[in-house]
Structures are given as C-alpha cells and as structure tokens.
Amino acid sequence: MTSTALYSPVVVPAARLYIDGQWSSPPDRELIPVLNPATEQTIGSVIEGTQDDVDAAYAAARAALGPWSSTTLEHRAALLDALADALHDRGEELAILAAMEIGMPINESRAVQAAFPESVLRSIVDVARTARWEYDDESGTTIVREPIGVVLAITPWNFPVHQIIAKLAPALAAGCTVVLKPAELTPLNALFLAELCDTVGIPAGVVNVVTGRGPTTGEMLVQTEGYDLVSFTGSLKVGRHIGEVAGHRVTRSTLELGGKSPAVVLEDADLEIAVRTTVKNCFTNAGQKCNAPTRLIVPRESLERARTIAAAAATSYVLGDPLDTSTTMGPLASSDQRDKVLGYLDAARHRGATVDGGVPAEEFGAGYFVHPAIVTGVAEDDPVVTDEIFGPVLVILGHDGFDDAVRIANDTPYGLSAEVWSADATRVEDLARQIKAGQVRVNGVRSPQPPVAPFGGYKASGLGRELGSFGLDEYLETKAVLGLHHNS
C-alpha cells in the first residue's frame with residue numbers, strides 16, 4: 001500500500017520486558033512479530049514471557065507494594081499528573097504507533113488512543129484527590145479505604161492505550177502495584193507507556209510489563225498466585241476462565257467481556273439521524289469496539305428505509321492507509337479477525353440474509369480490509385444477530401412497538417451498552433430504564449467530559465466498573481475500625 005501521509009518516524013520499542021524498573025532482553029526468549037494490519041509488514045517484536053519472567057514481575061510488584069502504598073496520595077497524584085503531561089507531550093507519537101499496530105485511522109487514533117486516555121488519567125487523579133479515604137460513619141466506626149494489593153491487568157487489542165490507562169490510573173492512585181500483560185496483537189504501546197512511567201519517576205516495581213501470548217504467558221500470569229486482583233478486558237470465553245480461577249482462590253476479579261449492543265429507534269424519532277449516527281458509532285475502529293451498537297432496532301414499517309440510509313452511510317467510508325487523514329476506516333486487526341467477520345457474513349448470506357457490502361477490499365493488495373456490511377432479512381436468533389462479531393457489521397431488525405423493542409433489545413446474554421432514540425422525553429426515559437445494560441445513551445449523546453461515568457456491563461458483559469469513582473473503588477478494600485474514637 002502506498003501512503004500519502006507524511007509523518008516523522010516513530011521509534012518502535014525494542015523486544016524487551018520491563019520488570020522492577022529495568023529493561024531486559026533475555027536472549028533465550030521467543031520473539032513474537034507485531035504486524036501492521038494495513039500492510040501485513042512486521043513493525044516490531046515482543047518477547048514471549050516465561051514463568052521466570054512472571055515470577056520476577058510478581059516479586060517486584062509485591063516488594064514495591066509496601067513503600068508505594070505508604071506514600072501520600074498527593075505524591076502518587078503528582079506522579080500521575082506528570083504521566084498525563086507526558087501523554088500529552090508525546091500524544092502524536094502514541095497515536096501514530098497505535099494506528100500502525102491496530103489499523104485505526106489516525107484521526108480516530110489521536111482522539112481515542114491519545115487524547116481520551118490523557119483525559120481519563122487526569123479525571124482519575126481528580127477523583128482520587130477528592131475521595132473519602134478515611135471517615136467516621138454515623139455509628140462512629142472509622143471507615144478506611146486501603147489498596148487491594150498487586151493487580152494483574154490484562155488488556156485487549158482494540159483500544160489498548162485507553163484500556164491500559166483505565167486500569168493503571170486507578171490502581172496506582174489507590175496505592176496498588178501492577179503487572180500488565182498487553183494483547184500480543186498490539187503490545188508496543190504498552191512498552192511505550194512503560195517508558196513514560198519510567199521517565200516521570202514512578203518507582204521500580206510499581207509498574208511491570210510482561211509480554212507474550214494469551215494462552216501461554218497470559219495463562220501463567222493467571223495461574224500464578226501473585227496477584228490480589230485481576231482486571232481483564234476481552235472475550236467472554238477467556239473472562240469466564242479467569243473468573244473461575246480467581247473465584248476458586250476467592251480473589252477479586254473485574255471483567256469486561258464485550259457486548260451485542262442495541263440501538264432502539266421508536267417511531268417518533270428522526271430516523272435519518274438515528275440510523276446515520278448508529279452507523280457511525282457501530283463502525284468506529286472498523287467495528288472492533290465492545291460497546292458498538294451492532295443491532296439497530298427500528299419500527300418494522302421503517303425497515304427498508306433504514307436499510308437504504310444505512311447502506312448509503314456505509315458506502316461513504318473511505319478505506320485505506322490508517323496514516324492518511326482522508327481514511328475513515330482501516331483494516332481489521334488480524335487475518336483471523338478478517339476471516340471471522342467474513343465467515344459470519346458468508347453464513348448469513350447462505351441462510352438467505354441480505355448483506356449490503358461485507359466483502360474483502362482486495363484493491364489494496366495487502367492488509368486485512370473488509371468493506372462495511374449492513375445485514376437485513378435475518379431471524380432474531382441468527383448467529384449474525386446474537387454473536388459478538390467484532391467487525392464492521394450492522395444488523396437491522398424490525399420491532400412492533402415499544403414493548404417489542406424492549407424485548408428484542410434485552411434478548412441477548414450481553415448487557416454492556418445501549419442507545420435509545422425518541423422525540424418524547426418521557427418515553428425515551430422509560431425505554432432507557434427498561435433496557436438491561438450498564439450504559440444507555442439517549443438520542444446520540446456520547447461520553448460526557450470529564451470521563452467519569454461508570455463503564456461496565458450487566459449479565460455476561462462482565463463484573464465491575466471502570467472510570468470515575470466507581471473505577472477507583474474496584475482497587476480498594478474497605479476496613480471498618482470499631483471503637484477507635486469512642487467506647488462502645
């Protein structure tokens with residue numbers, strides 16, 4: 001692929017681990033290539049971590065826990081302020097690196113891989129500074145909030161920078177130490193962030209990065225008894241396994257496990273705006289987004305019009321080099337992900353569905369590009385409707401009124417996010433309250449600033465919340481000290 005973009009070269013982190021404040025490149029470790037999904041070219045490599053690396057990372061985090069947790073909140077907050085400043089100063093480098101790793105268009109990457117993580121980090125620091133860390137309740141009992149301990153953070157490949165910061169920031173603010181295992185598809189940004197942590201002076205052992213594949217290095221990290229909390233974002237299958245391991249040990253886990261989010265449009269809504277907005281929200285990052293509204297539920301009599309609007313919006317996307325500012329959709333993150341998406345669409349066609357688009361973009365000669373798809377004419381229990389596909393696929397379904405729309409929206413094992421549309425304030429509020437999801441967005445509202453609204457799901461979408469005070473709470477234990485200030 002020929003790029004029309006002109007950017008300064010980004011220094012790709014070398015194959016190395018970051019443990020106990022030291023960078024190392026053990027010569028006996030397997031190297032995992034990291035590919036640019038737009039070109040299929042290798043842009044770097046990371047080390048496949050071993051049990052020795054896992055043990056060393058946990059030992060470093062455990063040794064650093066006491067000194068780090070005993071520092072003042074203001075000391076930790078000042079270091080996180082410095083990290084946010086570093087994110088700001090080097091945001092363009094990080095955005096380019098993330099675009100190269102994920103295939104996300106550079107304009108999107110600047111917003112969600114650089115600017116948004118910086119905003120999340122600053123908001124967590126603000127929340128920590130105003131939190132009630134110790135207070136007396138109405139009985140005179142002293143309530144103390146303490147760090148839970150060593151955190152194992154396992155992050156996904158689709159929004160890697162944001163997901164790392166969403167776990168790292170509250171953990172460090174709380175006084176916890178962290179062992180981070182990034183996804184093997186997009187690990188270079190984690191090493192970049194570790195460099196920033198090192199540069200701003202976060203003490204040795206407080207942040208440790210162990211790279212490797214999920215089934216090998218990731219499994220070693222989960223099975224090794226070195227953590228007090230595991231925070232995982234990824235697939236339902238892996239999340240269930242991690243939750244089972246943690247639950248057997250009675251160790252806390254926070255799990256964000258995806259979704260099949262509905263966008264419900266009532267008959268009094270502006271159909272054109274609702275459909276076009278849903279397409280835009282669904283196809284962010286080529287649809288590789290856990291809270292993407294992948295099921296558009298419209299009045300049955302509006303099905304064909306909705307399909308026409310959505311198909312026109314889908315064809316307006318410009319596929320191409322993620323570093324070209326004219327590109328509005330990049331490739332999927334891997335060949336496996338491309339094949340998975342195309343497999344779902346081919347199977348839906350075979351079952352009689354109408355699929356507008358949804359074919360490989362072979363004009364580039366390389367890269368895992370797929371034209372976005374609008375799917376209609378499918379049963380509500382079709383796999384393309386029920387399964388999280390994680391690609392540029394929007395399914396449109398018809399409803400027969402308010403109650404039927406609620407039924408369809410809730411007819412999923414997931415409950416991460418939802419979007420609702422109506423011109424009637426009372427009806428849209430009623431609709432929002434009846435949908436079983438952790439976040440409900442009304443009439444196209446996006447994440448407000450500061451980014452402190454809790455994020456997490458009902459049902460199979462997981463356990464726990466991220467962002468704001470709810471996110472900070474996940475990394476804290478609550479201690480009740482009775483009789484400290486009075487005699488009972």
Side-chain angles (χ1 to χ4, degrees), residues 58-81 120-153 166-179 202-203 205-208 222 224-232 239 242-256 438 450 452-458 462-488:
Y58 280 138
R62 185 65 60 186
L65 178 61
W68 178 248
S69 63
S70 66
T71 60
T72 65
L73 169 64
E74 188 50 44
H75 177 74
R76 298 195 298 271
L79 285 172
L80 292 175
D81 283 339
V120 168
L121 178 50
R122 294 191 190 280
S123 71
I124 288 293
V125 175
D126 289 342
V127 166
R129 282 189 166 116
T130 58
R132 299 177 75 191
W133 293 90
E134 182 172 330
Y135 60 94
D136 287 355
D137 69 9
E138 59 270 23
S139 73
T141 298
T142 300
I143 307 300
V144 182
R145 311 301 307 281
E146 298 178 339
I148 194 168
V150 174
V151 173
L152 170 58
K167 299 178 191 304
L168 192 69
L172 297 192
C176 299
T177 56
V178 176
V179 175
I202 292 176
V206 173
V207 176
N208 307 273
V222 170
T224 302
E225 295 191 14
Y227 56 91
D228 304 298
L229 163 72
V230 55
S231 179
F232 170 77
I242 291 173
E244 182 179 6
V245 173
H248 181 73
R249 297 178 187 163
V250 198
T251 297
R252 191 187 301 178
S253 61
T254 65
L255 307 170
E256 196 270 277
V452 295
F455 182 78
Y458 286 25
L463 305 169
R465 294 294 184 269
E466 291 184 326
L467 306 181
S469 60
F470 291 90
L472 182 63
D473 286 347
E474 299 291 349
Y475 298 89
L476 295 169
E477 288 281 22
T478 301
K479 177 183 290 183
V481 183
L482 286 68
L484 187 63
H485 298 305
H486 70 286
N487 293 321
S488 58

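Heavy-atom minimum distance, L73 versus A173: CD1-O, 3.9 Å. Among all heavy-atom pairs drawn from V230 and A246, the shortest one is CG1-CB, 4.1 Å. Listed here is the closest heavy atom pair of A166 and Y475: O-OH, 4.4 Å. Across all non-hydrogen atoms, the minimal contact from A60 to N208 is CB-OD1, 3.7 Å. Here the closest non-hydrogen pair linking G243 and S253 is CA-OG, 4.3 Å. Contact between V452 and S123 at its shortest, heavy atoms only, is CG1-CB, 3.9 Å.
Separating the CG atom in L172 from the CD1 atom in I124 is a distance of 11.0 Å, to the nearest 0.5 Å. Within the model, atoms CG of D126 and CG of L121 stand 10.0 Å from one another, a figure rounded to the nearest 0.5 Å. Annotation: the span from E477 atom CD to C176 atom SG amounts to 9.0 Å, rounded to 0.5 Å. Separation of atoms CG (L472) and OG1 (T130) is listed at 9.0 Å; rounding is to 0.5 Å.
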- Message: Applying side chain to side chain contact (heavy atoms under 4.5 Å, CB included) to K479 and I143, what does each step give before you reach the verdict?
- Response: CA-CA 6 Å; K479 177 183 290 183; I143 307 300; over 6 Å; no
- Show your working on side chain to side chain contact (heavy atoms under 4.5 Å, CB included) between Y58 and L152 and close with a plain yes or no. CA-CA 9 Å; Y58 280 138; L152 170 58; 3.4 Å; yes
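Looking at W68, its side chain never comes within 3.5 Å of a backbone N or O of I202 through a donor-acceptor pair. Judged purely by atom type and a 3.5 angstrom limit, E134 has no side-chain atom pairing as donor or acceptor with the backbone of T142. Using modelled atom types, one side-chain atom of R252 and one backbone atom of E474 make a donor-acceptor pair closer than 3.5 Å. Judged purely by atom type and a 3.5 angstrom limit, T141 has no side-chain atom pairing as donor or acceptor with the backbone of D137.
In this structure, E466 pairs ionically with K167, as a charged nitrogen and a carboxylate oxygen lie closer than 4.0 Å.
Between R145 and T478, some side-chain heavy-atom pair lies under the 4.5 Å cut-off. For the pair D228 and P147, the minimum side-chain heavy-atom distance is 4.5 Å or more.
Checked against salt bridge (Lys or Arg N to Asp or Glu O under 4.0 Å), R129 has the following partners two or more places apart in sequence or in another chain: E74, D81. For E225, the salt bridge (Lys or Arg N to Asp or Glu O under 4.0 Å) criterion is met by R249, not counting sequence neighbours.
Evaluated for a side chain to side chain contact (heavy atoms under 4.5 Å, CB included) with Y227, the options V178, V222, I148 yield exactly one hit, V222.
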